[in-house]
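A quick write-up on the structure given underneath.
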Amino acid sequence: MKMRAGLALTAGLVLVSGCGASGLETGAGTVEKKTAEAFLTTAESTWHRQVDDESNKNLSAEARCYFVTGADGNKSLGTVACGPLRRLGSAERQVWDVARIETTGADKPGLELPEDEPWKLSQVRPDNSELWRPDNKKAADDADALAAPPAPAAPAGLTEVSDKSQTLDLEPAGDKLVVPDGTLTLKGIATPETIGSGAEVRAPASGEKFIAAVFGTAPTMDPLTGRELVDPASGDAKAVATKWTVTVGGQQRPVDIFPDAAGSAVVPERTLIASVPKDAAEVLLTATNGPVVQTLSLATGKRTSTTAAAFYRTGTMATLNKSVPAKSITLGYSFRSKFSYSLGRAALMPWDPAAGWAPDGQTWIRVELKSSLEYTFLQYDKSWADPMLTATADGTSVGRSAGVNSPEADIIAIAVPAGARSIQLKAQPRLNFTSNSFSPHNSPKSGTAVYPPLTATATFN
């Protein structure tokens with residue numbers, strides 16, 4: 001804000017001998033009391049025209065303008081201060097609007113505010129100074145301690161997520177919500193009396209309170225590939241975007257938890273603010289991805305859902321390192337082949353890129369597979385018998401596979417009970433082959449090559 005006032009107040013005023021001590025002492029001489037009073041009256045009127053229409057302020061009923069003088073009396077320090085006025089967002093004691101003053105004339109000094117020079121708003125009174133007026137009106141002893149104005153109310157039901165940091169008294173919290181397209185990790189929760197800072201501070205709407213949660217976001221990683229579990233550029237139909245809402249009673253308020261897809265997926269700190277009824281005992285952050293719903297309490301900072309449990313288990317990786325060396329198989333006169341394969345690591349995960357979410361009450365065991373096949377491909381067409389890999393979980397046979405269950409898959413996924421701990425895996429590669437039109441005299445015309453089996457046990461916590 002600029003306050004302009006060229007207040008030259010010398011015309012028609014006569015300096016009266018012997019009255020100098022009651023005026024304002026300046027480096028250019030003493031400004032007569034009446035001249036100084038007239039200057040303050042005009043400056044005060046100008047100041048009020050500027051500040052009276054300001055919103056979000058606390059203007060003292062005794063606000064007026066003063067000369068800033070030395071601590072010993074009426075010797076000007078070259079400024080005028082008007083107030084006290086406390087603006088929204090200003091710090092304690094910043095209650096004075098200050099402007100520089102200049103003296104005019106030589107024989108009869110007057111005063112003016114420099115043209116086009118802005119006032120310094122919301123200033124602290126300088127140390128070792130006094131506020132003086134020629135009419136001897138004093139600033140209240142507690143003028144510098146004028147209270148801040150009340151913060152304006154935020155809109156009822158405000159719900160927003162921002163990357164702008166807030167000054168919050170956080171209660172530490174570290175729970176997570178993990179979905180295929182990202183991971184939210186709490187850093188802390190709070191119930192602040194106000195939100196924002198400076199002139200942007202806001203209070204809750206009538207009958208409401210603020211709930212705040214500070215969190216970070218990152219991609220959910222595939223432990224077997226080391227890549228993001230969901231590739232945003234893949235267009236995979238199984239990769240459903242998560243819908244996030246703040247649940248208050250029966251009300252669902254949509255929020256954007258993850259940052260813009262065009263930016264970094266890793267954001268160390270974001271802040272969720274929700275204005276909710278004062279009597280709301282529970283406020284949930286809800287993540288819905290396809291048929292799976294997960295919730296986290298913004299009142300306690302704890303995850304309140306039990307779905308997608310494998311995302312939260314520890315010890316969900318197992319190393320198998322089982323392999324079958326190259327095995328040659330010849331059938332009849334024409335079919336010749338050589339095949340080797342290995343099982344690497346295994347992981348329990350509730351979501352698989354090829355099949356989506358595991359059935360209710362189950363999780364996927366995902367197993368790394370590497371294989372190499374040589375065969376007379378010009379003479380035969382081939383297909384692998386399904387399944388190549390089967391599983392027994394804690395002594396119970398299971399077996400629903402996700403995607404390709406053959407040596408042509410890099411990862412084979414099989415549904416097992418969600419709480420499974422010991423899973424026995426058995427691989428039995430079988431290659432079906434049939435003569436093609438290039439070789440009508442093949443022998444045999446068709447058949448099945450059965451390669452050595454392999455067993456491995458994956459143990460999880």
Side-chain angles (χ1 to χ4, degrees), residues 151-196 201-218 220 240-259 267-314 350-351 357 360-361 418-419:
L158 171 73
T159 307
E160 64 181 19
V161 174
S162 171
D163 292 332
K164 184 184 297 185
S165 62
Q166 298 266 354
T167 301
L168 299 168
D169 184 14
L170 290 175
E171 177 183 338
D175 267 17
K176 299 180 178 182
L177 282 182
V178 184
V179 287
D181 49 341
T183 296
L184 173 152
T185 303
L186 272 186
K187 292 190 172 183
I189 57 174
T191 53
E193 293 184 0
T194 60
I195 58 171
V201 68
R202 294 293 182 268
S206 178
E208 296 193 343
K209 64 181 178 181
F210 286 134
I211 294 287
V214 176
F215 62 92
T217 66
T220 300
V240 178
T242 301
K243 296 179 180 179
W244 295 88
T245 58
V246 172
T247 304
V248 186
Q251 185 184 48
Q252 299 275 337
R253 305 178 187 176
V255 286
D256 293 323
I257 291 297
F258 295 139
V267 177
E269 187 169 296
R270 308 195 86 195
T271 303
L272 166 63
I273 300 289
S275 185
V276 303
K278 283 184 177 180
D279 60 357
E282 182 62 284
V283 179
L284 296 176
L285 178 62
T286 303
T288 303
N289 186 283
V292 176
V293 178
Q294 301 184 66
T295 54
L296 183 151
S297 171
L298 298 179
T300 66
K302 300 296 184 181
R303 184 168 54 92
T304 53
S305 56
T306 58
T307 52
F311 274 146
Y312 307 98
R313 282 178 63 174
T314 59
W351 192 87
W357 291 101
D360 192 30

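We use all heavy atoms of the structure for the numbers below, so side chains are in, but hydrogens, waters and symmetry mates are not.
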Approximate separation, where rounding is to 0.5 Å, of Leu284 CG and Leu296 CG: 8.0 Å
Minimum heavy-atom distance Ala205-Pro155, with the two atoms named: CB-C, 4.2 Å
Donor-acceptor pair, side chain of Asp175 and main chain of Arg303, under 3.5 angstrom: yes
Spacing of Ile189 atom CD1 and Leu285 atom CG [to the nearest 0.5 Å]: 12.0 Å
Validation row: Thr245, Arg253 side chains within 4.5 angstrom (heavy atoms): no
4.5 Å side-chain heavy-atom contact, Leu272 and Val246: yes
Side-chain (Asn289) to main-chain (Val240) donor-acceptor, under 3.5 angstrom: yes
Within 6.0 angstrom of Lys176 NZ, more than 12 heavy atoms from elsewhere: no
Distance-minimising heavy-atom pair for Leu186 and Gly301: CD1-O, 3.6 Å
Side chain Arg270, main chain Ile257, donor-acceptor under 3.5 Å: yes
Close side-chain approach of Ser275 to Thr159, heavy-atom, < 4.5 Å: no
Output field: ring centroids Phe311/Trp351 closer than 6.0 Å: no
Check against side-chain hydrogen bond (donor to acceptor under 3.5 Å, both in side chains), Thr183 and Thr220: CA-CA 5 Å; Thr183 296; Thr220 300; 2.8 Å; yes
Check: Thr307 side chain, Val293 main-chain N or O, donor-acceptor pair, under 3.5 Å: yes
Any side-chain heavy-atom pair of Thr288 and Thr242 under 4.5 Å: no
Evaluation steps, side-chain hydrogen bond (donor to acceptor under 3.5 Å, both in side chains), between Gln294 and Thr286: CA-CA 6 Å; Gln294 301 184 66; Thr286 303; over 6 Å; no
Minimum-distance pair of heavy atoms, taken over all atoms of Val248 and Pro277: CG1-CD, 3.8 Å
Trp244 side chain near Asp256 side chain, heavy-atom distance below 4.5 Å: no
Side-chain (Ser305) to main-chain (Thr295) donor-acceptor, under 3.5 angstrom: yes
NZ/Lys209: more than 12 non-hydrogen atoms of other groups inside 6.0 Å: yes
Any side-chain heavy-atom pair of Ser297 and Glu282 under 4.5 Å: yes
Glu208 (side chain) donor-acceptor with Gly157 (main chain) under 3.5 angstrom: yes
Spacing of Asp169 atom CG and Glu193 atom CD [to the nearest 0.5 Å]: 10.5 Å
Side chains of Ser162 and Thr271, donor plus acceptor under 3.5 Å: no
Exercise: identify the closest heavy-atom pair between Ile195 and Phe210: CG2-CD1, 3.6 Å
Ser165 vs Glu269 side-chain heavy atoms within contact, under 4.5 Å: yes
Side chain to side chain, Thr191 and Ile211, heavy atoms closer than 4.5 Å: yes
Taking every non-hydrogen atom, the tightest pair across Phe215 and Val161: CZ-CG1, 3.9 Å
Side-chain donor or acceptor of Gln252 paired with backbone N/O of Thr247 under 3.5 Å: no
Distance-minimising heavy-atom pair for Ala281 and Ala299: O-CB, 3.9 Å
